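First the proteins, then the strands, lettered A, B, ... as listed; each starts at 1. Everything numeric in this text was worked out from a predicted model, so none of it was measured.
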Amino acid sequence: MGNADSVDKKEEGVPENKPLNFIHQMIEEDIKNNKNGARVHTRFPPEPNGYLHIGHAKSICLNFGTAAKYNGMCNLRFDDTNPVKEDTEYVDSIMEDVHWLGFDWGDRLYYASDYFEQLFEYAVKLIKKGKAYVDDTNAEEISAHRGTVTQPGVESANRNRSVDENMDLFQRMRAGEFPDGSRVLRARIDMASPNMLLRDPILYRILHTDHHRTGDKWCIYPMYDFAHGQCDSIEGITHSICTLEFEVHRPLYEWFIRELEIFAPQQIEFARLNLTYTVMSKRKLLGLVKEGYVNGWDDPRMPTICGLRRRGFTPESIRNFAETIGVAKRDNVIDVSLLEFCLREDLNKRARRALAVLNPVKLIIDNYPEGQTEELDAVNNPENPDEGLRKVPFSKELYIEREDFMEEPPSKYFRLAPGREVRLKYAYIIKCESVVKDPETGNITEIHCTYDPETRSGMPMSNRKVKGTIHWVSAQHAVKAEIRLYDRLFSMENPEETEEGKDFISNLNPESLKKITGFTEPLLATAKAGDKFQFERIGYFCVDPDSTTDKLVFNRTVTLKESWNRPDKAAIPG
RNA sequence: UGUCCGAUGGUGUAACUGGCAACACGACUGACUCUGGAUCAGUAGAGUCCAGGUUCGAGCCCUGGUCGGACAACCA
């Protein structure tokens with residue numbers, strides 16, 4: 001108990017003197033000036049058109065974390081203003097993922113579509129102020145008239161319509177009198193603005209499409225720019241945190257707030273997360289799923305939250321990662337090894353240890369009594385002695401890892417070799433006496449050893465020093481399991497970096513998934529989906545949802561840190 | 001050719017707002033270890049994109065460049 005307490009305190013330690021990121025600096029400045037009554041209210045505003053990924057996790061941790069830090073609140077709001085892309089499937093997955101990450105929006109679950117009526121009224125207000133007009137120009141022409149980044153745009157012929165005519169037309173747009181694409185409502189700002197977004201941006205478009213929440217109630221839908229800031233305003237959001245690409249939108253965001261004379265949240269932009277060896281855009285992730293390069297959004301190789309969850313990540317490790325990478329405005333690419341570090345750091349503390357052999361070779365202890373079985377004590381978690389011991393069966397015939405034996409070991413190899421001794425973890429010291437090979441292939445089929453009965457772990461004589469300790473499972477007791485070995489999805493640090501004429505798909509790592517059959521200690525037969533273990537000396541593994549009592553399936557979450565350069569690796573020429 | 005934003009070890013983030021560039025990851029030593037894990041101790045690695053200027057003093061301020069990113073969906 002005492003131990004657990006101290007861990008909790010460490011994790012939730014409130015008064016930290018860590019340096020503030022630039023957003024928190026701004027917020028503390030606002031609090032000091034009693035802006036908005038020193039209130040802090042943020043929101044996480046996903047569009048329900050796809051699954052959340054690790055980049056969203058950064059934003060979630062920032063928004064919810066900031067609110068928590070300053071005793072404020074954070075809303076979950078679905079930015080559902082484009083019915084053709086959105087679906088409740090995504091709404092559900094997003095809510096699940098945010099909760100799984102450990103955040104709670106309480107009763108503050110909102111949808112932009114909740115505000116459609118209010119937004120319509122805002123549009124009316126702009127029309128009445130002469131700040132918005134209905135344009136009959138078609139999409140191509142509007143685009144052409146917008147000009148370029150260096151050339152000013154051309155004003156629409158409809159720009160100076162009367163308020164009455166605009167009101168009439170806008171009402172009739174809502175009433176469904178016009179087909180898709182025939183008219184739009186535009187803000188009347190400045191067609192010559194150096195900021196393209198201010199060149200009379202579109203506020204409403206006609207879309208005779210059912211919306212996942214409002215059904216067929218509406219056939220005109222607000223654009224992002226006309227919805228987002230106003231939704232923030234309605235909810236009393238004080239700090240509207242978003243990614244860098246919206247920086248150019250801020251003048252427009254503020255224009256609407258000013259013209260509408262409503263509560264003014266502050267938009268603050270930060271740099272989105274990029275990770276090596278993966279892609280992060282929804283479009284590309286969707287492509288991977290649709291083209292079958294991965295097995296769905298929750299494929300353990302995907303950077304999606306559900307993929308990471310299935311892979312065996314813990315919410316804590318992701319939150320800690322988000323904390324560690326910091327928040328700034330410059331573009332960044334984080335090395336996945338940092339994510340893996342955060343994962344191992346967390347798993348090391350909480351994962352139960354288990355013995356499992358992935359690439360088995362039989363080992364026979366010649367002088368061990370035939371038919372005898374011992375139940376040996378194994379430590380559940382050396383990082384937390386409170387988790388106690390478990391029994392592991394030991395017998396004459398075992399499986400050990402093929403890599404743990406070498407006929408002709410290089411100098412720094414201190415595992416098993418002819419004539420050498422090693423410790424079998426939690427069991428005896430054994431000595432290799434001989435090997436049996438397949439006469440045809442020359443592969444080793446059996447390793448014969450003798451054991452020293454005085455050296456069982458815990459015995460007085462067990463302190464004898466031997467160089468290596470290897471893991472094992474008892475052949476007759478072992479449980480067969482499918483093990484899915486995952487590696488990076490792409491073989492390039494930056495998958496977008498491609499040869500001419502090829503796209504990121506060409507950089508997929510053909511070895512990103514290998515399925516093998518291994519053996520685990522018997523206790524794991526009862527493990528349930530999501531259970532996490534450290535297979536000693538190998539890595540962290542979790543039970544996949546595909547797993548059944550007939551067929552156990554484990555995912556390799558991440559390997560143990562490998563600080564030992566395998567001689568065979570070094571020996572590879574080139 | 002426009003507007004906006006950014007630039008600090010290999011990667012990311014700091015630097016008490018002008019005072020000898022720090023922390024984490026990664027790398028490398030060594031100790032310890034019944035996991036070549038963990039833990040512990042330590043080392044190397046940037047003089048802050050460039051050129052000027054202000055100042056006793058500049059990564060922080062000013063000027064001019066360079067490089068990178070964003071912006072011309074009836075997407076968000």
If I take atom [atom1] in residue [X] and atom [atom2] in nucleotide [N], what distance separates them, rounded to the nearest angstrom?
X	N	atom1	atom2	answer
A:Lys282	B:C75	NZ	C1'	11 Å
A:Leu273	B:U11	CG	P	16 Å
A:Phe246	B:A73	CZ	C1'	13 Å
A:Phe22	B:C16	CZ	C1'	20 Å
A:Ile206	B:C74	CD1	C1'	9 Å
A:Gln267	B:C4	CD	C1'	13 Å

Just checking [X]: base, sugar-phosphate only, or nothing, at a heavy-atom cut-off of under 4.0 Å?
X	result
A:Glu340	nothing
A:Pro152	nothing
A:Thr276	nothing
A:Ile325	sugar-phosphate
A:Glu247	sugar-phosphate
A:Asp225	nothing
A:Arg353	base
A:Lys467	nothing
A:Ile202	base

Exercise. For A:Asn348 and for A:Arg344, locate the closest nucleotide of RNA chain B by heavy-atom distance; then report the residue assigned to the nucleotide nearer the 5' terminus.
Key: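 Closest to the 5' end, via its nearest nucleotide, is A:Arg344.
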Self-check item: Of A:Leu20 and A:Val149, the one whose closest RNA chain B nucleotide lies more 5'
Solution: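 Checking each residue's closest nucleotide, the 5'-ward one belongs to A:Val149.
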Exercise. Please work out which of the three classes, parallel, tilted or perpendicular, describes the rings of A:Tyr224 and A:Phe246, given edges at 30° and 60°.
Key: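 Tilted: the ring planes of A:Phe246 and A:Tyr224 meet at 30° to 60°.
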Looking at [X], I'd like to know whether one of its side-chain N or O atoms comes within less than 4.0 Å of OP1 or OP2 on [N].
X	N	result
A:Arg146	B:C71	no
A:Gln25	B:C16	no
A:Thr148	B:G2	no
A:Ser143	B:A73	yes

Exercise. Taking the side chain as every heavy atom from C-beta outward, state whether A:Ile334 and A:Leu275 have any atom pair closer than 4.5 Å.
Key: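 Heavy-atom side-chain distance check passes, below 4.5 Å.
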Report yes if a donor N or O on one partner sits less than 3.5 Å from an acceptor N or O on the other, where the partners are the side chain of [X] and the base of [N]; otherwise report no.
X	N	result
A:His249	B:A76	yes
A:Arg415	B:G36	yes
A:Arg330	B:U8	yes
A:Glu383	B:U39	no

Quiz item: Got a donor-acceptor contact below 3.5 angstrom from the A:Asn381 side chain to the A:Glu383 backbone?
Solution: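 Side chain of A:Asn381 to backbone of A:Glu383, a donor-acceptor pair under 3.5 Å: yes, one is there.
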Exercise. Examine distances only and state if a side-chain atom of A:Asp80 and a backbone atom of A:Ser113 form a donor-acceptor pair shorter than 3.5 Å.
Key: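 Yes: the side chain of A:Asp80 pairs with the backbone of A:Ser113.
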Quiz item: Side chains of A:Tyr122 and A:Gln230: do they bring a donor and an acceptor to under 3.5 Å?
Solution: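 No - no donor-acceptor pair under 3.5 Å links their side chains.
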Practice problem: Answer yes if the side chains of A:Asn380 and A:Arg390 hold a donor-acceptor pair under 3.5 Å, and no otherwise. | Solution: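 Yes, because at least one side-chain N or O of A:Asn380 sits under 3.5 Å from a partner of the opposite role on A:Arg390.
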Exercise. Please give the nucleotide sitting opposite B:C23 as a Watson-Crick or G-U wobble pair, both distances under 3.5 Å, or none.
Key: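 B:G12 is the nucleotide pairing with B:C23.
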Quiz item: In whole Å, what separates the C1' atom of B:A76 from that of B:A70?
Solution: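 Those two atoms are separated by 15 Å.
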